[in-house]
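Numbers restart at 1 for each chain; the letters A, B, ... are given by sequence-line order, proteins then strands. Just so you know, these numbers use all the heavy atoms, side chains as well, and skip hydrogens, waters and symmetry mates.
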Amino acid sequence: MQNNPIVEVNKNGLILNAKGFDPYKSFECGQCFRWQRQPDGSYTGVVSSRVLNVRSENQKILLKGTSLSEFQSFWAHYFDLYTNYDAIQKRLIHKAPWIKTAISSGNGIHVFHQDLWEIFISFIISSNNNISRISQIIESISQLFGEKLASSLPGQWFSFPKPASLKQLTEKDWRELNVGYRAPYLVSAVASWHLFYQEVNEILHLKGKDSTLTTSRSLQKIPGIGPKVASCIQLFGTPQRDVFPIDVWVRRAMMHFYNPSGKQSDLQLQKDALHLFGDDAGFAQQYLFFHARSYFTKH
DNA sequence: CCCCAGGTAGGGT
DNA sequence: ACCCTACATGGG
């Protein structure tokens with residue numbers, strides 16, 4: 001456990017000195033879809049019914065739209081500021097030295113503690129889709145079915161809609177939101193949310209040895225959720241970190257660093273990664289994803 | 001016109 | 001367990 005992040009309060013907002021936390025990389029590593037880059041380079045995001053602006057410069061982080069008490073009771077946990085990432089990185093490098101390159105490009109990424117319901121819906125939308133379109137769809141369902149939030153920050157901000165609000169959407173409604181063939185999946189996922197939520201709460205409460213596997217199986221009963229989406233929902237929406245979502249970018253990164261010659265199925269890659277990284281697999285995956293996206297798109 | 005994007009389902013072997 | 005293809009939509 002790390003020391004509490006050092007916070008100063010001034011009239012512009014909160015100044016956070018959290019060494020090892022890079023908010024911009026964290027916003028861009030694919031874990032969240034509602035942090036939007038502003039014209040001045042800062043990011044504004046909506047989390048539950050809160051709106052926050054984050055500016056990162058000169059090793060300092062300026063937070064606007066919150067208070068010291070809300071920071072301590074909510075945002076510090078949301079941004080995962082109590083986790084020791086130095087220790088995670090050391091463990092990962094010890095287990096697989098080849099991950100060093102990915103860690104140095106993704107250094108500063110934190111895995112946020114996000115709302116399970118929002119993650120559940122967002123990652124069903126994410127399948128075979130691209131990040132900017134996913135963000136657009138989530139923004140429009142928030143504007144249409146969420147609540148307009150009061151905020152001192154510029155712009156209009158809407159909460160992610162509650163389960164009851166999305167329950168009224170038909171397949172046709174979803175199609176009009178441009179989710180394409182995922183429309184029937186979303187209708188049935190919204191309908192089965194309550195049951196899944198009960199199951200996952202029991203699983204997380206029991207903390208059984210195979211709770212991660214049980215959660216994954218529970219998720220994959222829902223149409224539209226396969227191994228990749230299930231592991232994303234677990235990594236970003238639950239405390240489970242022993243998962244390894246494999247998408248096109250992570251597959252490229254694994255082929256490049258781990259298995260440069262020859263083919264391997266996703267299932268085998270996932271088994272290998274879980275065996276190699278164990279409880280830290282989710283963090284390894286985030287470094288690999290971030291690195292692959294910045295490296296392979298520019299070369 | 002093609003290929004691609006934080007994949008999955010359904011069919012076949 | 002693995003391979004194949006269809007699937008909406010928009011961007012390059």
Side-chain angles (χ1 to χ4, degrees), chain A residues 25-35 102 105-106 109 111-112 114 116 118-141 169-190 192 196 213 216-238 240-241 243-256 259 262-274 281-299:
Chain A
K25 283 185 196 170
S26 304
F27 295 144
E28 295 295 340
C29 72
Q31 63 177 320
C32 50
F33 301 107
R34 298 213 66 202
W35 286 92
S105 63
I109 289 175
V111 177
F112 299 163
Q114 301 185 69
L116 181 56
E118 180 174 336
I119 290 294
F120 179 77
I121 297 300
S122 300
F123 277 89
I124 293 172
I125 296 169
S126 82
S127 73
N128 196 29
N129 212 337
N130 62 68
I131 290 180
S132 83
R133 235 166 63 81
I134 300 162
S135 306
Q136 278 175 32
I137 293 166
I138 293 168
E139 183 56 30
S140 55
I141 65 174
L169 299 201
T170 64
E171 186 179 325
K172 191 171 168 244
D173 295 331
W174 279 110
R175 278 188 192 276
E176 282 166 9
L177 296 162
N178 295 327
V179 299
Y181 65 90
R182 305 168 195 84
Y185 301 153
L186 286 158
V187 173
S188 87
V190 170
S192 53
F196 165 71
L213 196 62
S216 179
R217 271 199 288 261
S218 175
L219 279 164
Q220 290 187 58
K221 283 189 287 186
I222 297 163
I225 300 182
K228 153 56 171 70
V229 169
S231 53
C232 282
I233 294 171
Q234 293 174 271
L235 179 56
F236 304 131
T238 79
Q240 293 168 353
R241 298 291 177 265
V243 292
F244 195 79
I246 297 179
D247 67 342
V248 289
W249 299 106
V250 174
R251 195 176 303 123
R252 278 169 200 155
M254 286 295 276
M255 289 306 172
H256 182 76
N259 186 23
K263 290 188 279 188
Q264 253 185 325
S265 68
D266 286 356
L267 193 67
Q268 192 57 48
L269 274 182
Q270 193 185 45
K271 270 187 188 165
D272 288 2
L274 289 175
F283 299 106
Q285 191 272 358
Q286 288 292 279
Y287 292 125
L288 290 166
F289 177 85
F290 184 87
H291 177 72
R293 252 171 74 85
S294 49
Y295 184 83
F296 292 114
T297 52
K298 286 172 195 159
H299 291 77

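Between the side chains of A/Q220 and A/S216, a donor-acceptor pair is found at a separation under 3.5 Å. For the residue pair A/D266 / A/Q270, no side-chain donor-acceptor distance below 3.5 Å is found, with atom types taken as modelled. In this structure, a donor-acceptor pair under 3.5 Å is present between the side chains of A/D272 and A/Q264. Checking A/N129 against A/S126 by side-chain atom types alone, no donor-acceptor pair falls below 3.5 Å.
Within 4.0 Å of A/I225, counting heavy atoms only, lie sugar-phosphate atoms of the nucleic acid but no base atom. At the heavy-atom level, A/R252 lies under 4.0 Å from the strands shown only through sugar-phosphate atoms. Base engagement by A/R182 is indicated by at least one non-hydrogen atom pair under 4.0 Å involving a base atom. Within the nucleic acid shown, A/V179 has no heavy atom closer than 4.0 Å to any nucleic acid atom. As judged by a 4.0 angstrom heavy-atom cut-off over every strand, A/F236 is placed among the base-contacting residues. Among the atoms of the strands shown, base atoms are found under 4.0 Å from some heavy atom of A/Q286. Residue contacts shown for A/G30 include a base, since a base heavy atom lies under 4.0 Å away. As judged by a 4.0 angstrom heavy-atom cut-off over every strand, A/C29 is placed among the base-contacting residues.
Between A/F120 and A/I225 there is a side-chain heavy-atom pair separated by less than 4.5 Å.
Between A/R293 and B/dG6, a side-chain N or O to OP1/OP2 separation shorter than 4.0 Å is present. A close approach under 4.0 Å does occur between a side-chain nitrogen or oxygen of A/S265 and OP1 or OP2 of C/dC2. Remark: A/N178 is in phosphate contact with C/dG10, judged by side-chain N or O atoms under 4.0 Å from OP1 or OP2. Within the structure, a side-chain polar atom (N or O) of A/R175 is placed less than 4.0 Å from OP1 or OP2 of C/dA8.
Here C/dC2 presents its P atom at 12 Å from CD1 of A/I246, a figure rounded to the nearest Å. Separating the CD1 atom of A/I109 from the C1' atom of B/dG6 is a distance of 14 Å, rounded to the nearest angstrom. We find that CD1 of A/I121 is positioned 20 Å from P of B/dG6, with the value rounded to whole Å. Rounded to whole Å, atom P of C/dG10 lies 10 Å from atom CG of A/N129. One can place OH of A/Y181 at 14 Å from P of C/dG10, the figure rounded to the nearest angstrom. Rounded to whole Å, atom P of B/dA5 lies 6 Å from atom CH2 of A/W249. Rounded to whole angstrom, the span from the CG atom of A/L219 across to the P atom of B/dA9 amounts to 12 Å.
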Exercise for review: Apply ring-ring contact (aromatic ring centres under 6.0 Å, His included) to A/F236 and A/F33, showing your working.
Suggested key: CA-CA 12 Å; A/F236 304 131; A/F33 301 107; 8.5 Å; no

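Under 3.5 Å, the side chain of A/Y185 and the base of B/dG7 form no donor-acceptor pair of N or O atoms.
Remark on DNA chain C: of its neighbouring residues A/N128 and A/S132, the 5'-side contact belongs to A/N128, judged by nearest-heavy-atom nucleotide.
A distance of about 22 Å separates the P atoms of C/dC7 and B/dG6, rounded to the whole Å. Rounded to the nearest Å, the gap between the C1' atom of C/dA6 and that of B/dC3 is 16 Å.
You can call A/F289 stacked on the base of B/dG6; the centres are under 5.5 Å apart and the planes sit within 30°.
Side-chain proximity of A/S127 to the nucleotides B/dT8, B/dA5, B/dG6 is greatest for B/dT8.
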